[in-house]
Amino acid sequence: MRLPGTRYQEHGWEQVRKLLGHCSLQAFQHCEMHHLLDRAQEAALLDWYIDAVAVLLRRAARSARGEVAGNSYGDSVAELSLSLLYELQVQPAFWSAFAAAVAAEHGRAPAFWASAAGDAMLRKKVNDMFATLRDKVDADNYQVATGRSCSPNKIYTYRMLDTAFGEIERLFANWEQNAEQVGAILGRASEGIPIEVRQMRSIGGCRPEWLIRWSETLERFGGAPGPLHTKSKRFSSLKNNPEKIGAMLAEIGDYAELSSNQDTAVWASDAEEAALWLEDYWRVVAESQAQGALAQPDRLLPAEEDEEEDGAQDTDAGEDAAPDPVLTQAVRTAWEAAAAALSLPLRYMELADAAQDRGSPLSRLLDGASLPVRLAVYQKLLGAADDSYPDEWLDPETGELPTLGQLATLDQVSVPTLRKRRNEAIDRLYAAHGARQP
C-alpha cells in the first residue's frame, strides 16, 4: 500500500521486521537484560541499543535479506531498518513502552529472556515496538506531504482496507470455489462469472458495500468476525459508513495510480540510456580536449583506404557474430528435459535465470556458480520459502525453492557434489563479509 509520505507500508515491511528482530536479539545477547527493569538506566540503554543494532544492520546491508527492495521508492530493507531504528532517538516513548512490556513480562515470569521461549517472547516485544513506531512515523510524514491530519490509528485503518481489498480480490479470482461467499459480498447470486469480477481491476474499483459485506461474511465462512463487526472500537468510525470507506479506498487507489509510473521498465530503460549517452558524450569531449594541439585538419581519405577500412570492419563484425543457435537450442533442450523429469515448468531454468538480479553485490560474489548452486545457497541461508524470492524460482506445486535433489538434477550432478559446491560458495560469502559460517 502506498500513501503520500509513507515508506513502511509496502511489501518489504515483513523483511524489515524480521531483520530488526534478528539484529535486536543479537544485540541483547551482549546486554544484562535486568538493566531494562531499571527506569533510571532507560535513556543510557536506548543509546547503547541504537549503536549496537546499527552496527549489526550495516553488516547485514549486503546480505540477501538486506539488499531486497523494501518499498517502491528504491529503499532497501537494510536502509529502511536503519532509518526506523534511528527514529527511536526522536520517539523515545516507544522504547519506554518496550521496557515497560519487558518489566511486565518479568513480573509474570521472572527472567523470562533466559527461558527456552525467551528469544521468541523478546522478539515479539521488539516487533510490537517497531510496528507501532512505523505507523507513527508514516502518519507524521503523511501530514507533512498532504497537510491533512493523520494519526497512527488512521494509517492502521488504511492498511486494514488495503488488506481487505486483497482478500476480496483473491475471492473474486477464485469465484468458482467461493461462489457462495462471493454472492454474499455482491448481494446477489450468480450462475456464471459475475461481471464485477472482471470490472474490479484496482482498489479504486472496490465498492465500499462489498467491503462491509465481506466483513459480515467472515464469521460465517471463516469462523471469526470481520474487522468491521467485532466489539473493538478501532474501526468504529467505519461501521455502517460506506461514504468514508469509499473515500479512503479511492485515496489509496488514486495515489497508487499516480505513483505507478515508477514501476514501469520503460522509465528505468530511458534513464539508463540517458546515463550511457552522457557517459559517451563526456568521454568523447575529454578525448578531444586531450588531443588538442595534435589534432589535424579534416581531409578526405583515398578510396583505397576506405575499402581497407570497410574490410577491417567486416572482419570485426565476423568476430562478434551471434552465438551458435544449435548450441543454444541444445542447452535449452537439456534444461527442459531436466525440468520435465522433475515436474517443473519446462522453461523453469530459463525463466529462473532471467529473474536473477545480476547487478547486486551478492550476485557478483556468487559469480561463476551455476543457477542451481545459487538457489541452494539461498535455500541454506534463508530457507526454502522467503518473501524475497521471485516467483520464477519457486516450484509451483510447493510454493518453495526446489529441493536439493531437484537442484542437483537440474545441475546434472550428484547431491553430495551440489552440497559441496554450495558450501564452498557460502564460505566465499562469509569470507567476503569477514565473518565465519555458523
Side-chain angles (χ1 to χ4, degrees), residues 8-9 12-61 63 65-66 70 77-78 80-140 151-153 155-157 159-160 224 227 230-235 382-383 387 435 438:
Y8 298 99
Q9 304 299 321
W13 168 249
E14 280 301 305
Q15 297 304 319
V16 172
R17 178 181 63 80
K18 291 176 182 178
L19 186 59
L20 283 168
H22 175 71
C23 291
S24 295
L25 289 182
Q26 285 185 310
F28 286 140
Q29 290 175 0
H30 304 281
C31 169
E32 296 293 337
M33 293 298 296
H34 63 270
H35 291 316
L36 278 172
L37 309 177
D38 185 359
R39 296 298 298 271
Q41 300 189 53
E42 196 172 281
L45 279 174
L46 174 58
D47 292 338
W48 168 85
Y49 172 78
I50 291 175
D51 291 342
V53 176
V55 170
L56 295 169
L57 287 175
R58 290 191 180 96
R59 289 179 185 173
S63 66
R65 172 169 288 154
V77 164
L80 288 177
S81 301
L82 197 59
S83 63
L84 191 61
L85 173 70
Y86 284 128
E87 288 288 345
L88 284 173
Q89 291 179 321
V90 293
Q91 306 276 0
F94 291 89
W95 174 257
S96 299
F98 167 74
V102 171
E105 191 66 42
H106 172 72
R108 292 189 291 269
F112 71 92
W113 50 80
S115 66
D119 281 356
M121 298 169 70
L122 204 54
R123 183 192 287 265
K124 173 66 168 60
K125 298 184 189 311
V126 170
N127 288 344
D128 290 344
M129 174 178 67
F130 283 114
T132 52
L133 177 60
R134 68 148 172 169
D135 285 347
K136 170 61 176 173
V137 172
D138 276 344
D140 291 346
S151 65
N153 189 59
I155 290 291
Y156 187 90
T157 302
R159 192 164 62 247
M160 182 278 290
T230 63
K231 295 181 180 179
S232 170
K233 296 182 179 180
R234 182 182 285 270
F235 304 118
L382 300 179
D387 295 340

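What you find for Ala27 and Val53 is that their closest heavy atoms are CB-CG2, 3.9 Å. Between Val126 and Leu20 the shortest heavy-atom distance is CG1-O, 4.4 Å. Taking every heavy atom of both residues into account, His35 and Leu45 meet most closely at O-CD1, 3.4 Å. Lys125 and Ala101 get closest at one heavy-atom pair: CE-O, 3.9 Å. The two residues Val16 and Ser81 come nearest to each other via the heavy atoms CG1-OG, 3.5 Å. Considering all non-hydrogen atoms of both residues, Leu19 and Ala78 come closest at CD2-CA, 4.0 Å.
Residue Leu37 holds its CG atom at 11.5 Å from CD of Glu32, rounded to the nearest 0.5 Å. One finds the CH2 atom of Trp113 at 7.5 Å from the CG atom of Leu36 (value rounded to the nearest 0.5 Å). Note that NE2 of His22 and CG of Leu57 are 10.0 Å apart. Values are rounded to the nearest 0.5 Å. Atom-to-atom distance recorded for Leu133:CG and Leu88:CG is 5.5 Å, nearest 0.5 angstrom. Atom CD1 in Ile50 sits 4.0 Å away from atom CG in Leu46 (nearest 0.5 Å). Within the model, atoms CE of Met129 and NZ of Lys124 stand 12.5 Å from one another, a figure rounded to the nearest 0.5 Å.
Tyr8 and Ser83 share a side-chain donor-acceptor pair at under 3.5 Å. A donor-acceptor contact under 3.5 angstrom links the side chains of Asp135 and Gln9, judged on distance only.
Between Trp95 and Tyr49, a ring centre-to-centre spacing shorter than 6.0 Å is recorded.
A heavy-atom distance below 4.5 Å is not found between the side chains of Asn153 and Phe235.
Enclosure of atom CZ in Phe112 by more than 12 non-hydrogen atoms of other residues, nucleotides or ligands within 6.0 angstrom is indicated. Within 6.0 Å of NE2 in His106 there are more than 12 heavy atoms belonging to other residues, nucleotides or ligands.
Phe130 does not carry Arg17 over the face of its six-membered ring by the limits of under 6.0 Å from the centre and within 45° of the normal.
The pair Arg123-Asp119 does not meet the salt-bridge criterion, since no charged nitrogen lies less than 4.0 angstrom from a carboxylate oxygen.
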Run the numbers on Arg134 and Leu80 for side chain to side chain contact (heavy atoms under 4.5 Å, CB included), then give the verdict.
CA-CA 10 Å; Arg134 68 148 172 169; Leu80 288 177; over 6 Å; no
Walk me through whether Met121 and Val102 qualify under side chain to side chain contact (heavy atoms under 4.5 Å, CB included).
CA-CA 9 Å; Met121 298 169 70; Val102 171; over 6 Å; no
